[in-house]
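Here the structure comes first, spelled out in structure tokens, and everything after it is commentary.
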Amino acid sequence: MTETFKYGAELAADIEARWQDYWEKHGTYETPNPSGELAGDAELAAKPSKFVMDMFPYPSGSGLHVGHPLGYIATDVYARFLRMTGNNVLYTLGFDAFGLPAEQYAVQTGTHPRVSTEANMANMKAQLRRLGLGHDRRRSFATIDPGYYKWTQWIFLQIFNSWYDQEAGRARPIDELVAAFADGTREVPGGRVWAELDERERADVLGEFRLAYASDAPVNWCPGLGTVLANEEVTADGRSERGNFPVFKAKLRQWNMRITAYADRLIDDLEQLEWPEAIKLQQRNWIGRSEGARVDFPVATPDGRQETVTVFTTRPDTLFGATYMVLAPEHPLIEAIAPAAWPQTTHGAWTGGHATPAEAIAAYRAQSAAKSDVERQAESREKTGVFTGAYAINPVNGESIPVFVADYVLMGYGTGAIMAVPGQDPRDWEFATVFDLPIVRTVQPPEGFDGEAFTGDGPAINSAGEGVDLNGMGVDEAKRTVIAYLEESGLGAGTINYRLRDWLFSRQRYWGEPFPIVYDEEGVAHPLPASMLPLELPEVDDYSPRTFDADDADTEPETPLSRNEDWVNVELDLGDGRGVRRFRRETNTMPNWAGSCWYEMRYLDPHNDEALVDPEIERYWMGPDESRPHGGVDLYVGGAEHAVLHLLYARFWSKVLFDLGHVSAAEPFHRLYNQGMIQAYVYRDARGFPVAAAEVEERDGGYFHDGEQVRREVGKMGKSLKNAVSPDEVCAEYGADTLRLYEMAMGPLDVSRPWDTRAVVGQFRLLQRLWRNVLDEETGTVTVVDEAPDDATLRAMHKAVDGVTRDLEGLRFNTAIAKITELNNHVTKAAGNGTPVAREVAETMVLLVAPLAPHVAEELWQRLGHDESLVHHDFPVADPAYVVDESVTCVVQIKGKVRARLEVAPAITDAELEAVALADPAVLRALDGAPIRKVIVRAPKLVNIVPG
RNA sequence: GCGGCCGUUGCUGAAUUGGUAUAAGCGCAACACUUAGGAUGUUGUGGGCGAAAGCCCAUGUGGGUUCGAGUCCCACCGGCCGCACCA
């Protein structure tokens with residue numbers, strides 16, 4: 001092979017492979033911890049710590065397209081920049097390898113999930129290595145590594161063994177609650193005596209407090225996937241986020257995490273985080289905090305007792321307008337209050353044509369249970385319901401109001417019961433109209449209001465009773481007044497309600513972390529002692545989930561692990577002094593979110609076998625400081641689709657671990673950045689089918705495939721739209737440095753935009769020009785001269801340094817590249833005019849481009865005579881004296897329109913500039929003798945003259 | 001329906017946050033070097049009028065605030081995203 005020094009695909013490939021090997025061999029990206037196993041270069045560890053992280057990937061089998069590494073390239077550039085500006089930077093990448101995608105892929109290909117997952121990870125690692133990402137590989141792991149999930153299970157046990165102390169506002173060990181129950185400092189629910197409870201009863205009591213607990217509750221059952229799902233994994237139209245199968249409500253015993261205990265802190269602590277407002281807003285909405293009141297409505301039962309139905313309302317001020325009441329179909333009190341026969345006064349339309357309330361209720365329940373959420377959404381929102389036959393007493397005015405069952409009230413929100421105020425609520429108005437119920441306005445609508453329910457502010461009317469008179473008050477005052485009255489008279493209380501539900505934490509899957517829980521012969525759950533962790537997934541022959549007809553709600557989940565009797569039935573000594581006993585293992589597994597709830601902490605201390613992370617090391621990297629009041633990762637980059645899933649769960653786990661004293665950071669991610677999506681052009685033929693984008697040619701202003709005209713649109717990149725571009729292709733044609741530059745130059749990181757293969761060459765040309773500015777393509781000799789650069793070049797250089805530094809700090813990679821390009825173009829032009837490139841300028845350009853295009857930068861740096869890698873070299877610093885131009889172009893405007901340009905010194909005073917501007921011939925000509933009313937001067941760039 | 005974001009050139013996009021609109025890249029055109037160019041370099045490239053100097057118009061549309069608006073305010077049009085019978 002004849003040696004060539006021309007920067008082309010071949011040379012780029014050679015340079016890149018060489019430097020990737022060099023970095024690996026020299027451990028260039030190995031970041032020292034302050035102590036412990038990964039302690040190293042003490043000088044480096046003494047620098048300020050910066051922790052930069054990507055959302056780690058699923059090891060998917062289909063390989064990467066150029067959209068996948070966008071965020072990784074951005075974090076790599078930023079991490080490199082931070083290294084060059086005096087920081088000790090932790091940067092690595094692991095794999096989120098448990099969960100549905102990995103398992104489904106394994107099922108499709110008929111191989112064991114571990115085998116296919118490992119193969120996929122190896123493939124992705126090779127693809128990522130080709131991009132030159134500066135990861136500390138010693139810190140990488142996959143969530144499926146037993147050494148990692150040992151600690152996932154350990155954290156589960158911590159959560160299981162704690163409760164939320166409302167008074168203290170934090171989680172505490174469950175033992176402290178047991179002690180309080182035992183010595184009577186805390187009352188046992190139901191007024192029972194702790195010492196008199198048996199083991200089963202105690203377990204049940206504690207289950208009401210534990211932050212991880214099993215309960216029988218309506219859950220999201222997805223027959224098509226064969227598993228239950230968390231609320232966050234179900235779409236608005238009642239389908240599974242993965243696979244898009246229908247989801248049904250089913251009552252099943254499942255594990256939950258009491259995330260609701262943290263609702264307020266999860267909202268409040270958002271304040272201090274540097275996250276996109278849109279994501280904060282989504283989290284706030286998801287948690288759905290709303291302030292209002294609980295109000296108790298007495299209902300007489302058929303057997304002469306009195307029941308109390310509690311409602312939640314955000315509008316207690318409208319209580320006098322409550323003319324009926326509605327319970328959700330699943331409400332537990334319906335049976336107790338429904339009489340055997342319809343009361344005499346029953347309106348014909350209220351019975352649904354049934355002979356008795358019991359029949360009507362049963363029929364209505366059957367009708368609404370048969371509807372999946374999908375159908376409920378698809379139907380028009382016409383209100384349906386049925387009378388229970390019972391009447392409640394409105395506590396403020398003693399009115400007897402009918403109680404209905406209707407599915408527009410949801411058991412999962414508030415108390416599952418509402419007071420209906422048709423005068424002020426559009427839904428209640430609609431229902432009242434259908435069932436001919438009375439409507440009483442309690443807020444005076446404004447003059448000319450001709451709508452139905454009035455939801456705005458106004459003076460209260462029709463709102464006076466024996467104990468309280470709201471008339472004339474505005475909404476806020478009326479709320480306060482009525483809440484005070486309710487509390488005084490024991491009829492209710494001000495309260496806060498949340499939309500957030502507890503997190504359903506178990507799945508009927510093989511490919512997940514087994515629960516470290518066993519059941520004794522009485523069915524009481526016992527945690528495994530930490531010494532028995534990790535509880536490894538057993539090897540089984542049949543790991544596929546039992547799935548069902550997607551529409552068959554009448555099915556039940558079956559856990560793959562339960563098929564393995566040898567593993568399920570065990571004899572263990574739990575170390576509780578009761579010796580070896582027989583147990584059955586929990587056969588559910590954890591959801592794939594478990595592994596991603598705490599992985600940032602494990603990067604810090606990945607091989608620690610004594611603790612999830614050493615406290616000193618955790619404090620060094622993640623501990624709170626002035627800029628991060630709750631601590632956390634300095635920069636976390638990933639897609640916005642995790643706004644309420646991973647990001648909420650991870651925050652929750654961090655807070656529990658923080659409360660229990662295991663970590664110093666109460667928030668996992670201080671600064672969050674959502675990268676946009678790289679889209680791609682989609683070409684469709686006349687029938688609307690996508691055609692292979694790579695085969696489309698553009699001519700005569702149109703696009704053609706196989707001689708046929710096709711139309712172009714912008715869509716997602718992927719196999720199904722036949723427009724995927726793999727990073728391997730781009731690397732082969734231009735090299736990884738060009739790919740990196742192009743992805744960073746395409747536009748702002750947080751904006752989505754289409755990939756344009758044609759435009760990649762622009763960044764390739766930048767590197768070629770840079771290369772030629774340093775050395776001779778024919779001979780390979782360095783051509784830079786050891787002379788001082790001329791003044792103009794020096795200014796261009798320092799301006800570029802200044803701008804690039806600020807752009808990289810702000811993650812504005814596209815404009816940073818534009819500034820480097822400008823400087824390089826300046827140098828190229830000067831060289832073309834016979835001014836050789838000065839060493840100082842060449843080296844500065846190499847350092848500026850180093851975070852973005854590290855391979856070519858290392859190569860040029862070495863050729864410029866340096867023996868050491870530039871990865872830890874100082875980034876150039878701009879000299880302020882050269883950042884300002886020698887002369888500045890000042891615009892002279894007349895009434896805001898530019899009429900003249902002046903070259904002036906940057907230090908010119910306002911008065912001097914005004915004098916110069918007013919003497920300028922072009923200005924005089926434009927003014928044409930008009931008198932001057934006002935002159936605005938912003939030296940040195942602008943003068944605006946306003947003629948009278 | 002509620003909430004949030006965004007409309008700049010043929011395309012991707014800049015604009016120190018109210019102060020020269022259109023940086024940089026792609027594409028396109030011309031020229032140079034070349035046997036050749038899908039290489040490289042140079043120059044040009046929002047629209048209109050003009051020989052030129054220059055003038056007028058232009059940041060989705062219409063209004064407003066200001067000496068001055070892509071930027072701030074109001075209304076509308078178009079697009080994207082989130083939530084949605086949440087009491």
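No experiment lies behind these values; they were computed from the predicted model shown.
- The gap from the C1' atom of B/rC11 to that of B/rG18 amounts to 30 Å, rounded to the nearest Å.
- Distances from the side chain of A/Leu942 to the nucleotides B/rG19, B/rU12, B/rA87 place B/rG19 closest.
- You'll find the side chain of A/Lys897 stays beyond 4.5 Å of the side chain of A/Lys895, heavy atoms only.
- Between B/rU59 and B/rU9, the two P atoms lie 10 Å apart (nearest whole Å).
- Minimum heavy-atom separation, A/Thr415 to A/Phe312: OG1-N, 3.6 Å.
- Residue A/Ser752 is classed as a sugar-phosphate contact, given heavy-atom separations below 4.0 Å to backbone atoms only.
- Here the nucleotide nearest the side chain of A/Thr821, chosen from B/rA24, B/rG27, B/rG19, is B/rA24.
- With hydrogens and angles left out, the side chain of A/Arg901 and the base of B/rU20 share a donor-acceptor pair within 3.5 Å.
- One finds a side-chain N or O of A/Arg765 lying less than 4.0 angstrom from the OP1 or OP2 phosphate oxygen of B/rC26.
- Closest to the side chain of A/Ala818, out of B/rU20, B/rA24, B/rA87, is B/rA24.
- Distance noted for atom P between B/rA24 and B/rU45: 11 Å (whole Å).
- The side chain of A/Arg284 contributes no N or O atom lying less than 4.0 Å from OP1 or OP2 of B/rC83.
- Nearest to the side chain of A/Thr828, among B/rG25, B/rA87, B/rU42, sits B/rU42.
- Heavy atoms of A/Pro748 sit under 4.0 angstrom from primed sugar atoms or phosphate atoms, though from no base atom.
- Here A/Lys819 lies out of heavy-atom contact (under 4.0 Å) with every strand.
- Comparing B/rU20, B/rC67, B/rA87 by their closest approach to the side chain of A/Val946 singles out B/rC67.
- The distance between the ring centers of A/Phe5 and A/Trp771 does not fall below 6.0 angstrom.
- In the set B/rG13, B/rA21, B/rA15, the nucleotide with an atom closest to the side chain of A/Thr815 is B/rA15.
- Applying the 4.0 Å criterion to OP1 and OP2 of B/rC56, one finds that A/Arg899 has a side-chain N or O inside that range.
- For the P atom pair drawn from B/rA75 and B/rG4, the interatomic distance equals 12 Å after rounding to whole Å.
- Minimum heavy-atom separation, A/Val884 to A/Arg795: O-NH1, 2.7 Å.
- A/Phe297 has its side chain within reach of A/Ile401: a pair of non-hydrogen atoms, C-beta onward, lies under 4.5 Å apart.
- Comparing the C1' positions of B/rA36 and B/rG48 gives a spacing of 41 Å, expressed to the nearest Å.
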Would A/Phe431 and A/Tyr324 count as a ring pair (Phe, Tyr, Trp, His ring centres under 6.0 Å) here? Give the steps.
CA-CA 10 Å; A/Phe431 190 87; A/Tyr324 66 101; 5.3 Å; yes
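- Checking B/rA14, B/rA21, B/rC85 against the side-chain heavy atoms of A/Asp407 singles out B/rC85 as nearest.
- A donor-acceptor contact under 3.5 Å links the side chain of A/Gln893 to the base of B/rG19.
- Closest approach of A/Ala917 to A/Val892, counting heavy atoms only: CB-CG2, 4.0 Å.
- Looking at heavy-atom distances under 4.0 Å, A/Tyr681 makes contact with sugar-phosphate atoms alone, never a base.
- Among the protein residues, A/Arg772 comes within range of the sugar-phosphate backbone only, with heavy atoms under 4.0 Å from sugar or phosphate atoms but none that close to a base.
- Using atom C1' as the reference point in both B/rC72 and B/rC49, the two lie 34 Å apart (nearest Å).
- Closest to the A/Asn814 side chain, of the nucleotides B/rC26, B/rU43, B/rA14, is B/rA14.
- Residue contacts shown for A/Glu277 are absent, as no nucleic acid heavy atom lies under 4.0 Å away.
- Using a 4.0 Å heavy-atom distance criterion, A/Arg712 is classed as making no nucleic acid contact.
- In the interface, the side chain of A/Arg758 is not paired with the base of B/rG27 through any donor and acceptor atom under 3.5 Å apart.
- If you check every strand for non-hydrogen atoms under 4.0 Å, A/Asp428 touches nothing.
- When the P atom is compared between B/rU61 and B/rG54, the two are found 29 Å apart, to the nearest whole Å.
- Candidate nucleotides B/rU20, B/rU42, B/rG27 were compared by shortest atom distance to the side chain of A/Val891, and B/rU20 ranks first.
- Atom name P, nucleotides B/rA52 and B/rG46: the rounded distance is 16 Å, in whole Å.
- Across B/rG19, B/rU43, B/rA23, the shortest atom-to-atom separation from the side chain of A/Arg938 is found for B/rG19.
- Using a 4.0 Å heavy-atom distance criterion, A/Val409 is classed as a base contact.
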